[in-house]
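Atoms within a ligand are numbered from 1 in the order they appear, just like the ligands themselves.
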Amino acid sequence: MMDKSFLDELRQGVRAVCSDFPDTYWRELDERRAYPEEFVNALTSAGFLGALIPEEYGGSGLGITESSVILEEINRSGGNAGACHAQMYTMGTLLRHGSDQQKQKYLPKIADGSVRLQAFGVTEPNTGTDTTQLKTTAVRKGDKYIVNGQKVFISRTEYSDLMLLLVRTTALDQVKKRTEGLSVLLVDLREVVGNGLTIKPIRTMMNHATTELFIEDMEVPVENLIGEEGRGFSYILDGMNAERILIAAECIGDGRWFIERAVNYANQRVVFKRPIGQNQGIQFPIARSHVNIEAADLMRFRAAELYDAGKKCGAEANMAKLLAADASWEAANVTLQTHGGFGFAEEYDVERKFRETKLYQVAPISTNLILSYVAEHILGLPRSY
Ligand SMILES: Cc1cc2nc3c(=O)[nH]c(=O)nc-3n(C[C@H](O)[C@H](O)[C@H](O)COP(=O)(O)OP(=O)(O)OC[C@H]3O[C@@H](n4cnc5c(N)ncnc54)[C@H](O)[C@@H]3O)c2cc1C
């Protein structure tokens with residue numbers, strides 16, 4: 001059961017860290033497309049990025065509810081949790097499917113910040129959302145896997161020590177189901193960059209440190225296989241509900257930031273001798289966005305509660321992500337419109353947050369694919385692809 005006063009305290013703690021990183025900090029990084037090193041270090045030292053790591057490994061052993069509040073508050077403050085959110089959702093794969101030896105080796109270091117697990121390599125240029133078709137292969141040779149292939153839009157690889165990588169270990173024509181034969185490897189980036197792995201940054205419309213990976217005869221020790229060979233797809237799917245809930249929370253944070261900015265501006269900006277917010281044409285869209293953010297928030301907490309209770313939450317987690325991403329995008333549009341020409345000026349930060357929140361219509365899963373999931377798995381309609 002959710003402890004509201006603990007969540008309030010947690011919010012205050014995250015806000016205190018974020019208050020040292022004002023709009024100007026994020027704006028300047030955005031201009032340079034630079035990674036928020038100081039912010040991520042501050043968040044790690046305060047213990048927030050180790051929220052999901054059990055106490056026995058040096059983390060705080062909190063649930064997805066609390067973790068989602070941490071990410072929400074970062075975006076609510078005007079920052080961007082995208083710089084570090086993967087550390088929370090990739091951790092689940094290591095935590096649930098890693099061996100005791102792997103957990104003992106990595107989790108305490110991730111918790112104390114001496115090692116970062118910020119990268120998660122799934123997407124490929126030629127197969128996109130059709131994950132089981134991915135072409136990157138790992139072939140076992142003695143005590144090593146030899147990995148070859150290419151990945152695209154893999155974020156934070158330049159700022160991470162470790163990466164979870166999804167590869168095919170058994171060819172498609174040799175498995176009964178296309179979801180079989182995929183495996184998850186924990187790649188130590190410090191050992192392979194320039195030695196089998198080439199990282200090429202991709203400049204995108206927002207500051208997201210995403211990259212393309214070219215993998216050529218990259219060696220990964222067999223001891224870095226997570227769980228069983230061939231079962232990697234189910235491990236990745238397992239982590240997806242957590243990812244959906246955490247991203248939904250970031251969108252809620254964005255939405256609340258937008259609504260606050262829109263309300264303040266609409267109250268202050270005087271045109272035709274009255275605040276623009278006095279016009280219903282201005283206030284109704286803001287009010288509607290607020291309603292949609294609050295509704296999405298209920299679904300997010302419903303999904304988080306089920307997740308933390310160990311119950312099935314695929315439907316709720318997906319619906320929360322869709323509702324929250326749509327609501328934050330609506331709020332972004334409304335806020336930009338409310339600001340008129342000033343919405344386009346960098347110094348108001350609205351255009352920056354507008355670009356940042358748009359991502360969640362597409363990644364880590366696109367809105368269409370969530371609708372397909374709901375149609376097929378919840379409503380029982382025929383599979384469409
Ligand atoms: C900034 C950024 C950061 C990212 N970070 C990571 C990361 O760290 N790790 C990682 O693995 N990936 C990452 N991604 C990749 C992201 O997860 C993919 O872009 C996303 O899953 C969509 O895949 P795609 O781009 O190949 O689109 P495609 O699969 O080519 O789809 C293109 C469009 O067609 C639609 N579509 C496709 N199939 C169907 C269908 N059957 N029915 C209806 N519509 C369909 C999609 O909804 C989408 O709108 C990132 C992407 C971006 C832009």
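Atom-to-atom distance recorded for Glu305:CD and Ile64:CD1 is 14.0 Å, nearest 0.5 angstrom.
Figure legend: cation-pi geometry between Arg383 and Tyr385, with NZ or CZ positioned under 6.0 Å from the six-membered ring centre and within 45° of its axis.
Annotation: side chain of Leu359 is in contact with side chain of His208 (closest heavy-atom distance under 4.5 Å). Tyr145 has its side chain out of reach of Val139: every pair of non-hydrogen atoms, C-beta onward, lies at least 4.5 Å apart. Side-chain contact check for Leu164 versus Leu186: some heavy-atom pair is nearer than 4.5 Å.
Nearest protein neighbour of atom 19 (O) of ligand 1, counting heavy atoms only, is Val362 CG1, 4.2 Å. Looking only at heavy atoms of the protein, atom 15 (C) of ligand 1 is closest to Thr123 OG1, 3.3 Å. Of the protein's non-hydrogen atoms, the one nearest atom 38 (N) of ligand 1 is Leu369 CD2, 4.0 Å. The closest protein non-hydrogen atom to atom 42 (N) of ligand 1 is Ser372 OG, 4.4 Å. Closest protein heavy atom to atom 21 (O) of ligand 1: Pro364 O, 3.5 Å. Looking from atom 47 (O) of ligand 1 to the surrounding protein, the closest heavy atom is Ser366 OG, 2.5 Å. From the protein, the heavy atom lying nearest to atom 14 (N) of ligand 1 is Phe153 O, 3.3 Å.
Taking the six-membered ring where tryptophan is involved, the planes of His339 and Tyr265 are essentially parallel, since the angle between them stays under 30° and well short of 60°. Using bins of under 30°, 30° to 60° and over 60° for the plane-to-plane angle, the ring pair His85/Tyr89 lands in the tilted bin. Ring-plane geometry between His97 and Tyr235 is classed as parallel, the angle between the planes falling under 30 degrees on a 0 to 90 degree scale with a further cut at 60.
Val192 and Val222 fall within a single hydrophobic cluster, where Ile, Leu, Val, Met, Phe, Trp and Tyr are joined by side-chain heavy atoms under 4.5 Å apart, directly or via other members.
The part of Thr210 lying near ligand 1 is the side chain, judged by heavy-atom distances below 4.0 Å. Only side-chain heavy atoms of Leu359 come within less than 4.0 Å of ligand 1; its backbone N, CA, C and O stay farther off. If you look at Ser155 next to ligand 1, the close heavy atoms, those under 4.0 Å, come from the backbone and the side chain alike.
Within the structure, the closest approach of Ser384 to ligand 1 does not fall below 4.0 Å when heavy atoms are considered. Ligand 1 is never approached by Lys151 to a heavy-atom distance shorter than 4.0 Å.
Under the 4.0 angstrom criterion, atom 25 (O) of ligand 1 counts as lacking any protein heavy-atom contact. There is a protein heavy atom less than 4.0 angstrom from atom 9 (N) of ligand 1. Note that atom 30 (O) of ligand 1 has no protein non-hydrogen atoms nearby, at separations under 4.0 angstrom.
Looking at ligand 1, you'll find an N or O of Phe120 within less than 3.5 Å of one of its N or O atoms. The shortest N/O to N/O separation between His208 and ligand 1 does not fall below 3.5 Å. Here's the thing with Val122: one of its N/O atoms is less than 3.5 angstrom from an N/O atom of ligand 1. The shortest N/O to N/O separation between Asn368 and ligand 1 falls below 3.5 Å.
Taking all atoms of both residues into account, the shortest heavy-atom contact from Gln102 to Glu223 is NE2-O, 2.8 Å.
The side chain to side chain donor-acceptor pair (under 3.5 Å) test with Asp30 singles out one residue from Arg352, Arg355, Lys353, and that residue is Arg355. Under the ring-ring contact (aromatic ring centres under 6.0 Å, His included) rule, Phe39 has a single partner from Tyr25, Phe48, Trp26, Tyr159, which is Trp26.
Taking every heavy atom of Met206 and a limit of under 4.0 angstrom, the matching atoms of ligand 1 come to 1 (C). Which parts of ligand 1 touch Gly128 is read off a 4.0 Å heavy-atom cut-off, strictly below it: atoms 26 (O), 29 (O). Within the listing of ligand 1, atoms 41 (N) sit less than 4.0 angstrom from a heavy atom of Tyr385. Close contacts between ligand 1 and Ile154 involve ligand atoms 7 (C), 8 (O), 9 (N), 10 (C), 11 (O) [criterion: under 4.0 Å to a heavy atom].
For the pair Arg168 (side chain) and Thr170 (backbone), a donor-acceptor distance under 3.5 Å is present.
Counting only non-hydrogen atoms, the option in Ile236, Thr129, Asn207 that gets closest to atom 27 (O) of ligand 1 is Thr129.
Heavy atoms from other residues, nucleotides or ligands lying under 6.0 Å from CD of Glu37 number more than 12.
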